Enquirer: 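Just passing along the structure, written as structure tokens.
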Amino acid sequence: MTDEHELVKIRKEKLKKIREQGIDPYALHFKRTHSSKSVHECAKKVSVGEVLEDLEVAVIGRIITVREHGKSCFANIRDDSGDIQIYVKSNAVGEKAYDLFKLIDIGDFIGVKGKIFKTRTGENTILVSKLSVFSKSLQTLPEKWSGLKDIELKYRRRYVDLIANKDIKPLFKLRSHIIGSMRKFLEGKKFLEVETPMMQQIPGGAMAKPFVTHHNTLDMDLYLRIAPELYLKRLIVGGFEKIYEINRNFRNEGISTRHNPEFTMLELYQAFADYEDLMRLTEEMFYTLAEECLCKTSLEYQGHNIELKKEWKRLSFVEAIKKYAKIDLESVSDKELKNSAKHLVPETRKMNSFREIADALFKRVVIPNLIEPTFIIDYPERMCPLAKKKRDNKNLTERFQPYICGIELGNAYSELNDPMEQKERFLDQIKDRKIGDEEAHLMDEDFITALEYGMPPTGGLGIGIDRLVMLFTNSPSVRDVILFPQLKPQK
RNA sequence: GGGUCGUUAGCUCAACUAGGCAGAGCAGCGGACUCUUAAUCCGUUGGUUGUGGGUUCGAUUCCCUCACGGCCUACCA
């Protein structure tokens with residue numbers, strides 16, 4: 001407290017003076033009649049210089065700017081609907097209230113009552129007749145036209161970023177709108193939203209390192225889920241035919257412009273559907289979301305103009321590697337693959353499993369070329385332990401991943417529903433794990449048991465919501481679309 | 001994890017190239033001003049230059065350490 005900033009001290013002094021007038025500066029006893037937006041609507045019928053006589057409005061908001069003129073003052077207050085100008089005049093509001101107003105700073109919440117008028121310059125304004133304080137701000141807001149630029153502060157104090165930078169709130173409103181539209185789209189197709197465990201005894205459904213936590217009473221470790229997949233499939237076994245979950249996954253991996261340790265994912269499962277059905281569903285979902293949220297079927301991302309309402313390109317994983325890396329995965333041995341790969345992607349030297357090397361090649365050499373909406377399909381069987389083998393080629397699986405502008409947006413399969421084959425695949429994964437592939441799958445016996453009860457043929461689709469929002473908001477970093485991205489503590 | 005760039009007043013930025021009293025705008029404070037809107041005008045407070053070392057007569061500036069962050073890269077989605 002002793003090294004408190006001078007600016008905070010001054011504001012606390014003002015706070016004290018307000019309290020000395022018998023006013024509680026944090027209480028709410030105010031009936032709002034209008035938002036600033038609705039004031040603007042009422043003001044449409046007022047002409048320049050005129051006052052709307054037969055209406056008194058009560059508006060509450062945060063002071064954003066102030067322009068003093070002796071015994072009168074213009075200020076702008078902001079609520080969730082926008083900004084409105086107020087005009088506080090000593091002889092209109094009374095001298096006592098005007099003295100109170102002098103104790104008000106930019107950042108404070110105030111309530112005003114008064115009539116609407118249009119100034120000489122045509123600005124809709126509330127001529128204040130009564131004024132009250134509802135929250136005294138002790139911190140100074142960032143400078144009014146540069147806003148908050150410091151990226152670290154924007155993330156650490158997102159609340160300030162939201163106040164100071166006008167484009168931040170609309171972005172997160174759009175994110176919310178996208179997720180809402182996604183739910184609406186899925187409800188329209190009769191999908192049922194379900195919730196499955198975030199804390200799992202065996203983390204499964206994806207290739208990633210999990211976060212570990214501990215339950216004290218049960219005295220056992222639990223893992224924050226890396227994916228909901230295996231539980232959602234259990235529900236398909238249980239008889240649900242169309243289900244989805246929109247929720248957080250947690251992966252204990254690196255942080256980058258495309259990765260946050262916790263991220264939001266849509267996963268949906270549809271019985272009696274295959275990956276062909278889901279590709280059509282994906283196309284429809286993307287352009288429907290664009291229509292609803294962007295009011296068009298195209299989007300601009302980092303200089304690329306992308307039309308969504310069309311049949312997306314399809315390229316098989318093997319063709320893609322052949323096209324961009326000039327390696328034929330179907331004919332090379334593991335040893336040959338390792339040899340050819342190390343020239344293109346030196347990092348593969350350290351890798352041993354087929355999955356890791358093929359994955360590395362794909363990410364480094366293929367993905368940057370996938371700008372137009374593209375489904376990469378038919379991945380080699382050894383890369384996808386949960387996917388069903390392709391009906392006419394048993395070395396491949398019925399899997400696809402949607403890509404736009406080099407962003408991997410999801411993952412989908414015709415799900416493997418043969419319990420014995422699933423068990424074999426898990427055993428193969430355990431072999432990969434033994435040669436150093438830490439992300440290879442673990443055995444989940446209960447999941448095998450579930451499959452033994454019989455899972456209908458099912459299509460499953462996962463969509464990374466944060467990345468989808470990046471794309472829809474033209475954001476270069478996933479941190480720009482996550483309100484509170486993960487950072488190290490300060491100091 | 002590796003590479004690279006950055007960190008100066010509450011906020012936005014100068015000063016660093018080639019070491020020589022750390023500056024401006026906004027915000028704040030005092031004053032003038034009853035239709036302004038980046039209000040204007042006059043005056044003014046505010047700094048351990050991210051941290052800790054080193055070189056030097058002298059370091060915001062050069063060198064090193066550490067912390068935090070951006071970008072690239074790796075793991076991953």
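A quick note: this is a predicted structure, and the numbers were derived from the prediction, not measured. Quick note on labels: first sequence line is chain A, next is B, and so on, each numbered from 1.
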Enquirer: Below 4.0 angstrom from OP1 or OP2 of A74(B), is there any side-chain N or O of Arg364(A)?
Expert: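 Arg364(A) to A74(B) OP1/OP2: side-chain N or O found under 4.0 Å.
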Enquirer: Which of these, Phe286(A), Phe375(A), Phe362(A), sits in a ring pair (Phe, Tyr, Trp, His ring centres under 6.0 Å) with Tyr403(A)?
Expert: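 Among Phe286(A), Phe375(A), Phe362(A), the one that satisfies the ring pair (Phe, Tyr, Trp, His ring centres under 6.0 Å) with Tyr403(A) is Phe362(A).
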Enquirer: Taking atom C1' in both C71(B) and G53(B), compute the distance separating them and give it to the nearest angstrom.
Expert: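 Here C71(B) and G53(B) have their C1' atoms 29 Å from each other.
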Enquirer: Should the ring pair Tyr87(A) and Phe117(A) be called parallel, tilted or perpendicular, given that the plane angle runs from 0 to 90° and is split at 30 and 60?
Expert: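 Ring orientation, 0 to 90° scale: tilted.
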Enquirer: Would you say a side-chain N or O of Lys488(A) is under 4.0 Å from OP1 or OP2 of A67(B)?
Expert: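 False: Lys488(A) side-chain N/O out of range (4.0 Å or more) of A67(B) OP1/OP2.
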Enquirer: Shorter than 3.5 Å, N or O on both sides, protein versus nucleotides 29-35 of chain B: list them out with atom names.
Expert:
| from | atom 1 | to | atom 2 | distance (Å) |
| --- | --- | --- | --- | --- |
| C29(B) | OP1 | Lys14(A) | NZ | 2.4 |
| C33(B) | N3 | Gly70(A) | N | 2.8 |
| C33(B) | N4 | Gly70(A) | N | 3.2 |
| U34(B) | O4' | His69(A) | O | 3.4 |
| U34(B) | O4' | Ser72(A) | OG | 3.0 |
| U34(B) | O4 | Asn91(A) | ND2 | 3.4 |
| C35(B) | O2' | Arg120(A) | NE | 2.7 |
| C35(B) | O2' | Arg120(A) | NH1 | 3.4 |
| C35(B) | O2' | Arg120(A) | NH2 | 2.4 |
| C35(B) | O2 | Arg120(A) | N | 2.7 |

Enquirer: State whether Arg479(A) places a side-chain N or O below 4.0 Å from either non-bridging phosphate oxygen (OP1 or OP2) of G70(B).
Expert: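 Checking Arg479(A) against G70(B): at least one side-chain N or O falls below 4.0 Å of OP1 or OP2.
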Enquirer: Pairing check on C11(B): which nucleotide meets the Watson-Crick or G-U wobble criteria with it, both distances under 3.5 Å?
Expert: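 Its partner is G25(B) (Watson-Crick or G-U wobble, both distances under 3.5 Å).
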Enquirer: Pick the C1' atom in C68(B) and in U44(B), then give their distance to the nearest Å.
Expert: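 Roughly 35 Å separates the two C1' atoms.
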Enquirer: By nearest atom, which of the nucleotides C68(B), G70(B), G10(B) is closest to the Leu7(A) side chain?
Expert: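 Nearest nucleotide to the side chain: G10(B).
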Enquirer: Examine C72(B): is either OP1 or OP2 under 4.0 Å from a nitrogen or oxygen in the side chain of Thr257(A)? Give yes or no.
Expert: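 True: Thr257(A) side-chain N/O within range (under 4.0 Å) of C72(B) OP1/OP2.
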Enquirer: Whether Lys149(A) contacts U12(B) is assessed here as follows: a side-chain N or O lying under 4.0 Å from the phosphate OP1 or OP2. Is that the case?
Expert: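 Answer is no, no contact under 4.0 Å.
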